[in-house]
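Note on naming: letters A, B, ... go to the chains in the order of the sequence lines (proteins, then strands), and numbering restarts at 1 for each one.
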There are 2 protein chains.
Amino acid sequence: MANYEQLRLSNQLCFPLYVCSKEVVRKYKPLLDELDLTYTQYITMMAMWEHEQLSAKELGTILYLDSGTLTPVLKTLEKKGFVERQRSKDDERSLIISLTQDGKALQDRAASIPEAMGKCIDMDLEDLQTLHRLLHKFMDTSIK
Amino acid sequence: MANYEQLRLSNQLCFPLYVCSKEVVRKYKPLLDELDLTYTQYITMMAMWEHEQLSAKELGTILYLDSGTLTPVLKTLEKKGFVERQRSKDDERSLIISLTQDGKALQDRAASIPEAMGKCIDMDLEDLQTLHRLLHKFMDTSIK
DNA sequence: ATCAAATCAATTGTACACAATTTAATTTAA
DNA sequence: TTAAATTAAATTGTGTACAATTGATTTGAT
């Protein structure tokens, strides 16, 4: 009789990661709807707010997304007027993404989101900080 | 001059959750390929290995998935011969999912996956246990 | 200088994920 | 007791995600 204890859902690390990630994204939805952004578009804009201008390649590295995902996201954000896409003069392979004025203005409207999300999370600050630290440690040590 | 510190990617909790979740699922892929399962199909099978028989509704509650996601996953698993789908006699609205013999046998082949995944994660046991505990706490206190 | 290897964005194909709606069955309440 | 409300699965539509491939450009080794 084999022991399948390690195959129980409650013993996995992957499963609560997967569930928490999905549910957090779902909690963002009503807030992001007001900005006409999906979650993926939101984190893309967060990267752009920090950097003003990035190549698609750099964005992919920052966001852990490949071109198959980013290409349509960036085209959508361009259509919405939040970024511009243009080929690099230096290297025609590279696509430069730049924040537009509307994209910059959007940051003001997004400024209240982190606090609003914080109110949805009913955990004390110490636990949240530990969780944040361990997730980053996990990213740094166990990915790629 | 507004302070957008709270909008930085590195200050979000959602973003490392999202990245870790995706990257863990990606790490599973080569192992799950051998069983001809996707990650979503894998956690569905984990639930079935624990319960033998569940309604689609119960599965959705356990896995935090709605019928829009589960319906095609369950049809695929039925096509692969791992589960059977049949309407409940008591309540024709309800769909009963049962593990087949092939589905049961698959558990043996999956038994080595948790250990193989463990070897990919280069964090000490205490951190992993803390992470596991905090993710479950997060799920319990901050979702729905 | 030249051409093979590498790089980058885009495309293709498969599989979620979820909101919203639909359809059918069951339960509840007037 | 039957009409309204609820429940459950399926469907529809949109938007990721990612592996694999393609096509254009650049780099690097000879």
Side-chain angles (χ1 to χ4, degrees), chain A residues 14-15 17-33 36-45 54-61 63-80 83 85-97 143-144, chain B residues 14-15 18-30 32-33 36-45 54-61 63-80 83 85-97 143-144:
Chain A
C14 61
F15 183 63
L17 267 177
Y18 163 82
V19 172
C20 288
S21 171
K22 282 193 316 164
E23 295 299 321
V24 168
V25 169
R26 220 166 52 81
K27 285 226 176 191
Y28 269 101
K29 189 169 190 306
L31 302 171
L32 295 179
D33 278 350
D36 188 26
L37 291 178
T38 64
Y39 179 75
T40 310
Q41 291 162 17
Y42 175 58
I43 58 173
T44 304
M45 291 307 295
L54 284 171
S55 71
K57 175 73 179 170
E58 290 169 325
L59 256 178
T61 302
L63 301 176
Y64 294 77
L65 293 173
D66 74 359
S67 66
T69 303
L70 264 183
T71 296
V73 169
L74 293 173
K75 284 181 177 174
T76 303
L77 287 175
E78 184 180 48
K79 208 169 295 171
K80 291 179 179 176
V83 302
R85 297 160 64 251
Q86 59 201 82
R87 291 286 162 182
S88 165
K89 294 282 194 302
D90 296 345
D91 184 343
E92 284 284 337
R93 290 170 306 179
S94 183
L95 186 72
I96 306 296
I97 314 299
I143 293 172
K144 273 159 196 161
Chain B
C14 62
F15 183 62
Y18 163 82
V19 172
C20 289
S21 171
K22 281 193 316 164
E23 295 298 322
V24 168
V25 169
R26 221 166 53 80
K27 287 226 175 191
Y28 269 102
K29 190 170 188 307
L32 294 179
D33 278 349
D36 188 27
L37 291 178
T38 64
Y39 179 75
T40 311
Q41 291 162 16
Y42 174 59
I43 59 174
T44 304
M45 291 306 295
L54 284 170
S55 70
K57 176 73 179 171
E58 289 168 326
L59 257 178
T61 302
L63 301 177
Y64 294 76
L65 293 173
D66 74 359
S67 66
T69 303
L70 264 184
T71 295
V73 169
L74 294 173
K75 284 182 177 174
T76 303
L77 287 175
E78 183 180 49
K79 209 169 294 171
K80 291 179 179 174
V83 303
R85 296 160 65 251
Q86 60 200 82
R87 290 285 164 183
S88 165
K89 294 284 194 301
D90 296 346
D91 184 342
E92 285 283 337
R93 291 171 305 180
S94 184
L95 186 72
I96 305 296
I97 313 301
I143 294 172
K144 270 157 199 169

Study note, to complete from the structure: To the nearest angstrom, the OH-P distance between Y39(B) and dA17(D) comes to 15 Å
Exercise for review: Please determine if a side-chain N or O atom of T71(B) lies less than 4.0 Å away from the OP1 or OP2 oxygen of dA10(D).
Suggested key: yes
Practice item. To the nearest Å, give me how far apart NZ (K29(B)) and C1' (dA17(D)) are. Key: 12 Å
Practice item. Using only heavy-atom distances, decide whether a donor-acceptor pair under 3.5 angstrom links the side-chain of S67(A) to the base of dA10(C). Key: yes
Point to revise | Per L95(A) side chain, nearest of listed nucleotides dA17(D), dA10(C), dT25(D) | key: dA10(C)
Check your understanding: Taking for each residue the nucleotide of DNA chain D bearing the nearest heavy atom, is the 5' side occupied by E92(A) or by T38(A)?
Key -> T38(A)
Check your understanding: Which part of the nucleic acid, if any, lies within reach of V25(A) when heavy atoms closer than 4.0 Å are counted: base, sugar-phosphate only, or nothing?
Key -> nothing
Practice item. State the CG-OG1 distance between L74(B) and T40(B), to the nearest 0.5 angstrom. Key: 11.0 Å
Review point. Any ion pair linking E23(A) and R26(A) (charged N to carboxylate O, less than 4.0 Å)?
Key: yes
Exercise for review: May I ask you to evaluate whether K57(A) reaches the phosphate of dC8(C), defined as a side-chain N or O under 4.0 Å from OP1 or OP2?
Suggested key: yes
Check your understanding: Choosing from dT26(C), dA9(C), dT16(D), which nucleotide comes nearest the side chain of T40(A)?
Key -> dT16(D)
Practice item. Compare every heavy atom of Y42(A) with every heavy atom of L37(A), then report the nearest pair and how far apart it is. Key: CD1-CA, 4.1 Å
Check your understanding: Given that R93(A) and D66(A) both sit by DNA chain D, which one's nearest nucleotide is further toward the 5' end?
Key -> D66(A)
Check your understanding: Is there a Watson-Crick or G-U wobble partner for dA30(C) with both distances under 3.5 Å, and if so, which one is it?
Key -> dT1(D)
Practice item. State, yes or no, whether a side-chain contact exists between I97(B) and E58(B) at a heavy-atom distance under 4.5 Å. Key: no
